[in-house]
Amino acid sequence: KAGVTQTPRYLIKTRGQQVTLSCSPISGHRSVSWYQQTPGQGLQFLFEYFSETQRNKGNFPGRFSGRQFSNSRSEMNVSTLELGDSALYLCASSPTRGGQDTQYFGPGTRLTVL
Amino acid sequence: AQTVTQSQPEMSVQEAETVTLSCTYDTSENNYYLFWYKQPPSRQMILVIRQEAYKQQNATENRFSVNFQKAAKSFSLKISDSQLGDTAMYFCAFTPMYNNAGNMLTFGGGTRLMVKP
């Protein structure tokens, strides 16, 4: 089976722009979670989608949003980019929502905001 | 709210030796899962080991084992016979076991482990 894929791998944007990141989960996985990784804040949960519905959301401003499609692929969007949004954005997929299933992470998208 | 603390930002170990990474957590939940994830320099996060809080037996996966002390809220990772490929960032993570928690992980700050030849 193919692993979790994220596109693009690298992205450079300027302040005020918006960006969309994509995550394709492992085939058959219905849960997709997103995390932001920065040197200062570490790994922080953004949101989780399951069956096209947002199930949980972390403590991030409304500029961060996401969605999930019927094929379980997910996108996250960040509007009005700020310098502090520069980070590695990781997505993870698993078959179900329970913690008993292993979450498989993608390679991440490195976002740089200038 | 849950918190996860890893008090060792960096550690090093000689190849073939044993090293223990520390993790403590704070929660009011009684049932939960604990994890150790490894993030090599290539950045792909990989699950190393998982522990269910209701199990008293410590989890083991080949050279990796944990010491889970529920009362002390401690969850350390022992790596035996360290190999160069073990060089990575290691993250301790927690998720409650109730259904609405889903796959929301709370991570510690990480421990950078270097295995020296």
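Labels below follow one simple rule: chain letters A, B, ... track the order of the sequence lines, proteins then strands, and each chain is numbered from 1. Just so it is clear, the structure is predicted and the values come from calculations on it, not from any experiment.
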Is atom [atom1] of [X] surrounded by more than 12 heavy atoms (other residues, nucleotides or ligands) closer than 6.0 Å?
X       : atom1 : result
R15(A)  : CZ    : no
R63(A)  : CZ    : yes
K78(B)  : NZ    : no
N62(B)  : CG    : no
Y104(A) : OH    : no

Is a side-chain donor-acceptor pair under 3.5 Å present for N103(B) with S31(A)?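 Yes, because at least one side-chain N or O of S31(A) sits under 3.5 Å from a partner of the opposite role on N103(B).
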
side-chain contact (heavy atoms from CB on, under 4.5 Å) evaluation trace for T95(B) with Q103(A): CA-CA 12 Å; T95(B) 190; Q103(A) 288 196 63; over 6 Å; no

May I ask whether [X] and [Y] are part of the same hydrophobic cluster, defined by side-chain heavy atoms of I, L, V, M, F, W, Y residues being less than 4.5 angstrom apart, directly or through others?
X      : Y      : answer
Y49(A) : L46(A) : yes
F60(A) : F45(A) : no
F47(A) : L81(A) : yes

Which atoms of Y32(B) approach chain A - backbone, side chain, both or neither, heavy atom under 4.5 Å: neither

By a 4.5 Å heavy-atom criterion (distance strictly below it), what part of Q39(B) contacts chain A: side chain, backbone, both, or neither?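 It is the side chain, since no backbone atom gets that close.
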
How long is the span from the OG1 atom in T102(A) to the OH atom in Y33(B), to the nearest 0.5 Å?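 The OG1 atom of T102(A) sits 10.5 Å away from the OH atom of Y33(B).
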
Could you look at [X] and say if it's the side chain, the backbone, both or neither that has a heavy atom under 4.5 Å from chain B?
X      : answer
F50(A) : neither
L88(A) : side chain
S33(A) : side chain
Q37(A) : side chain

Any idea which heavy atoms bring F105(A) and L105(B) closest together, and the distance?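 That closest heavy-atom pairing would be CZ-CD1, 4.3 Å.
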
Least distance between heavy atoms, V4(A) atom then Q44(B) atom: O-NE2, 4.5 Å

Do the non-hydrogen side-chain atoms of L43(A) and M89(B) ever get within less than 4.5 Å of each other?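 The answer is no, as the side chains (C-beta and beyond) never meet within the 4.5 Å cut-off.
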
